[in-house]
Trainee: 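I'd like to ask some things about the structure below.
For the numbers below, each heavy atom of this structure counts, side chains included, while hydrogens, waters and symmetry mates do not. Quantities reported herein were computed from a predicted structural model and do not represent experimental measurements.
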Amino acid sequence: EYFIVDAKKALEREDIIFAGRTLFGAPAPKGQEMDDHYFGVIRERIGGYMKDLNEELWKLGVTAKTQHNEAAPAQHELAPIYEQCNVAVDHNQLMMETLKQVAYRHNLHCLLHEKPFEGINGSGKHNNWSVMTNTGINLFKPGADPMNNILFLASLACVIKGVHEYADLLSLSIASASNDLRLGGNEAPPAIISLFLGEDLENVIEALLENKKISGKVKNRFQTGVNVVFDFTKDNTDRNRTSPFAFTGNKFEFRGVGSSQSIATVNTMLNSILAYEMKEMSDLISNGKDVMEVIKLFISEHKDILFGGDGYSHAWEVEAKRRSLSNLNNTVDALHTFKNEPMRNMLVELGIFTEVELDSRYEVLLDNYAKTIHVESVTAIKMVKSEIYPAAVKYLGSISDIVNSLINNHINNEFVLEDAIKLSELLQNTKRVVVLLEHEVSNAESQEDLLAKAVYYRDKILPIMKELRLYVDKMEEVVSKEAWPIPTYTDLLFGI
């Protein structure tokens, strides 16, 4: 998923230039509540961009196929055809670069940030993952009779156990300052990792654990309730959009990956987790355990990771805590997984990483987190001090002149007077918070320990930036459009 906006307007905003997202912006009168962008036709200018984009990707061997509008205004989606993992990772990097390069040819600007606009959907990637043997057998294909498909059941059991035991590695693989802003929002999964199997497989799992028999694949029917419309077979792929890790027919779909992120880390973790659990299963079977008993053991001991309800609900947070599932809802907490001995031991034992490499990644990613928020905070300060505050003061001066003129002519206009008072208060609060933010950024930069610095930016700087945005966005609603110094959400989201 990605956003496309007019390049000239985008480059008039320093937050887009330096942070890749808008740090300020009052909501437009219309967002995505009408779903008209999602279900509407692709605009002609965007269609021309997509045509050129496809041709450039095909030249590079990237088999891009699907393209459509997404839920938020100015948001779109592109999907390649499935391919071997290493190639897919490389092609995804090429795709991100090509998205941006082709946009500039069309005087457009491509935003790959996970949350470039407040109040509407962010952007992510749906990482579809399956495993095949060297003879072309998909281990995640249930077949007509999944209850008796031992290869599928064994693979499924390993996935269930692996996602349960190593959920924190999956959280780690999608952790970033920008993705923190997206997770838990519309069309983005919650931070709690759970696994959704769907009704068909849930029935298979239940029957397996209770030693019941299910013959063949259950075909659930969708009851239309309309006499003139035939009932039809339900699609057994997942439509629970709150699930972070879902079974979708013959593969698993991990929805937590951010739109600007490399898919290398997440697929490294997925493959490592599955390999480790398959190794453990193989060892148990080699030591005389019955394969079906091992499958049942894996599933019964790790079924707490299975969840098919609303992942956004508070009730799920409570239930997940009861199940002892992690809720790593920010990057700093997720990166601590690098220090988790069981997680480290698994990756080192498989030869995926060395101890030094794990420590290096921990430090680099912590540093990157702190620097990302540092750039955003100093950009916010600069925009307010050099553009927004002066423009608002000038506008206040103009309406103050109007108020004085009305008073001198004995004309009562409470509307103008209220605006002047409101804007004056907002300016005072804005100045107060900017001074506080400058002070706290200086304190953050004085932290010598990487973890302490990252924690300081998370706990001190982000809340102040949020407060500053509150006052600036309210000022935008008071100041006239002509006097506002930067393109608005209306300009950016609806200006193509």
Side-chain angles (χ1 to χ4, degrees), residues 1 20 80 82-97 112-115 122-131 159 162-163 165-183 188-193 195 244-246 251-277 326 328-372 450 454:
E1 296 160 344
Y82 305 119
E83 53 193 344
Q84 193 271 339
C85 187
N86 284 347
V87 177
V89 170
D90 291 345
H91 281 178
N92 198 257
Q93 291 295 120
L94 288 172
M95 183 182 292
M96 289 191 289
E97 189 63 29
L112 291 176
H113 194 283
E114 282 72 17
K115 195 72 171 179
S123 300
K125 294 174 181 174
H126 289 192
N127 191 85
N128 292 276
W129 172 71
S130 59
V131 179
V159 171
V163 173
E165 289 187 329
Y166 299 103
D168 289 0
L169 283 180
L170 296 182
S171 297
L172 167 67
S173 71
I174 59 172
S176 72
S178 52
N179 210 19
D180 284 354
L181 301 171
R182 179 184 77 102
L183 294 178
I192 302 168
I193 301 294
L195 199 161
F245 197 85
K251 55 185 172 59
F252 288 91
E253 185 176 3
F254 188 36
R255 301 187 179 121
V257 189
S259 54
S260 69
Q261 294 177 324
S262 167
I263 59 173
T265 301
V266 65
N267 285 293
T268 296
M269 297 307 179
L270 285 171
N271 291 335
S272 299
I273 290 167
L274 182 62
Y276 195 77
E277 301 299 357
S326 296
L328 303 177
N329 60 5
N330 66 86
T331 294
V332 178
D333 289 346
L335 291 180
H336 190 68
T337 304
F338 277 118
K339 300 298 183 181
N340 183 299
E341 286 303 318
M343 310 288 176
R344 291 173 67 95
N345 292 342
M346 183 272 282
L347 294 169
V348 172
E349 183 179 330
L350 288 177
I352 308 300
F353 296 107
T354 65
E355 297 277 1
V356 173
E357 287 171 332
L358 290 172
D359 290 337
S360 175
R361 283 173 177 262
Y362 172 70
E363 293 186 6
V364 168
L365 291 173
L366 263 184
D367 188 47
N368 181 267
Y369 175 84
K371 285 178 177 176
T372 297
L450 276 177

Trainee: Of all the heavy-atom pairs spanning R182 and V257, show the shortest one and how long it is.
Mentor: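 For R182 versus V257, the nearest heavy atoms are NH2-O, 3.1 Å.
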
Trainee: Can you find a heavy atom in the side chain of I273 that is under 4.5 Å from one in the side chain of M346?
Mentor: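 The answer is yes; the side chains approach within 4.5 Å.
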
Trainee: Decide if atom CZ of R344 counts as having more than 12 heavy atoms of other residues, nucleotides or ligands within a radius under 6.0 Å.
Mentor: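 More than 12 heavy atoms, drawn from other residues, nucleotides or ligands, come within 6.0 Å of this atom.
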
Trainee: Check whether more than 12 heavy atoms from other residues, nucleotides or ligands sit under 6.0 Å from atom NZ of K339, and answer yes or no.
Mentor: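 Above 12, so yes.
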
Trainee: Using every non-hydrogen atom in the two residues, find where L335 and L366 come nearest and quote the distance to one decimal.
Mentor: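 L335 and L366 have their closest heavy atoms at CD1-N, 3.6 Å.
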
Trainee: Is S262 reaching over with its side chain to a backbone N or O of A264, donor-acceptor style, under 3.5 angstrom?
Mentor: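 Flag set: sc S262 to bb A264 pair under 3.5 Å.
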
Trainee: Take L270 and F245 through the test side chain to side chain contact (heavy atoms under 4.5 Å, CB included) and record every step on the way to the result.
Mentor: CA-CA 11 Å; L270 285 171; F245 197 85; 3.5 Å; yes

Trainee: When rounded to the nearest 0.5 angstrom, what is the spacing between SG in C85 and CG in N267?
Mentor: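 The distance works out to 4.0 Å.
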
Trainee: Evaluate the side-chain proximity of P80 to M95: yes if any heavy-atom separation is below 4.5 Å, no if none is.
Mentor: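 Touching, per the 4.5 Å side-chain cut-off.
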
Trainee: Between N179 (side chain) and G256 (backbone), is there a donor-acceptor pair under 3.5 Å?
Mentor: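 Such a contact is found between N179 side chain and G256 backbone.
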
Trainee: Closest heavy-atom contact between K251 and S130?
Mentor: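 That would be CB-CB, 3.9 Å.
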
Trainee: Which heavy atom of A177 sits nearest a heavy atom of Y369, and at what distance?
Mentor: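 Shortest heavy-atom separation between A177 and Y369 comes out as CB-CD1, 3.7 Å.
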
Trainee: Measure up the Y166 and Y276 rings against each other and bin them: parallel (under 30°), tilted (30 to 60°), perpendicular (over 60°).
Mentor: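 Rings of Y166 and Y276: perpendicular, as their planes differ by over 60°.
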
Trainee: Begin from the C-alpha positions of K125 and N92 and carry the test side chain to side chain contact (heavy atoms under 4.5 Å, CB included) through to its verdict.
Mentor: CA-CA 10 Å; K125 294 174 181 174; N92 198 257; 2.6 Å; yes

Trainee: Report yes if some heavy atom in the side chain of E165 is under 4.5 Å from a heavy atom in the side chain of E277; otherwise report no.
Mentor: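 SC-SC contact between E165 and E277 confirmed.
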
Trainee: Distance check, rounded to the nearest 0.5 Å: N128 atom CG versus I263 atom CD1?
Mentor: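 Atom-to-atom, N128:CG and I263:CD1 are 10.0 Å apart.
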
Trainee: Show, in sequence, the C-alpha distance, side-chain angles and deciding distance for I193 and S171, and conclude whether the side chain to side chain contact (heavy atoms under 4.5 Å, CB included) test is met.
Mentor: CA-CA 7 Å; I193 301 294; S171 297; 3.5 Å; yes

Trainee: Are the side chain of E114 and the backbone of S259 linked by a donor-acceptor contact shorter than 3.5 Å?
Mentor: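 Yes, the answer is positive, given that a donor and an acceptor are paired below the 3.5 Å cut-off.
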
Trainee: Keeping the roles fixed (side chain from Q261, backbone from I174), state whether a donor-acceptor pair exists under 3.5 Å.
Mentor: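 It does hold such a pair.
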
Trainee: Do you know which two heavy atoms are closest between A334 and L172, and how far apart they sit?
Mentor: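 In this case the closest contact between A334 and L172 is O-CD1, 3.8 Å.
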
Trainee: Could you tell me whether the side chain of D367 reaches within less than 4.5 Å of the side chain of E363, counting heavy atoms only?
Mentor: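 Not touching, per the 4.5 Å side-chain cut-off.
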
Trainee: Using side-chain heavy atoms (C-beta onward) and a distance below 4.5 Å, is N271 in contact with W129?
Mentor: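 Yes - at least one pair of side-chain heavy atoms lies under 4.5 Å apart.
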
Trainee: Do Y362 and L450 come within less than 4.5 Å of each other through their side chains, counting heavy atoms only?
Mentor: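 No, their side chains stay 4.5 Å or more apart.
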
Trainee: What distance separates L170 CG from L195 CG, expressed to the nearest 0.5 Å?
Mentor: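 Taking CG in L170 and CG in L195, the distance rounds to 9.5 Å.
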
Trainee: If you define the side chain from C-beta out and look only at heavy atoms, does anything of L183 sit under 4.5 Å from N329?
Mentor: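 Of all side-chain heavy-atom pairs linking N329 with L183, none is under 4.5 Å.
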
Trainee: Would you find a donor on one side and an acceptor on the other, under 3.5 Å apart, between the side chain of N86 and the backbone of Q84?
Mentor: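 Such a contact is absent between N86 side chain and Q84 backbone.
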
Trainee: What closest approach, in Å, do L181 and K115 show between heavy atoms, and which atom pair accounts for it?
Mentor: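 Heavy atoms of L181 and K115 come nearest at CB-CB, 3.7 Å.
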
Trainee: Could you check whether any side-chain N or O of S360 sits under 3.5 Å from a backbone N or O of E357, counting only pairs where one atom can act as donor and the other as acceptor?
Mentor: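 Not confirmed, S360 side chain does not pair with E357 backbone.
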
Trainee: Would you mind reporting whether F353 and T268 have side-chain heavy atoms less than 4.5 Å apart?
Mentor: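 They are in contact (side-chain heavy atoms under 4.5 Å apart), so the answer is yes.
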
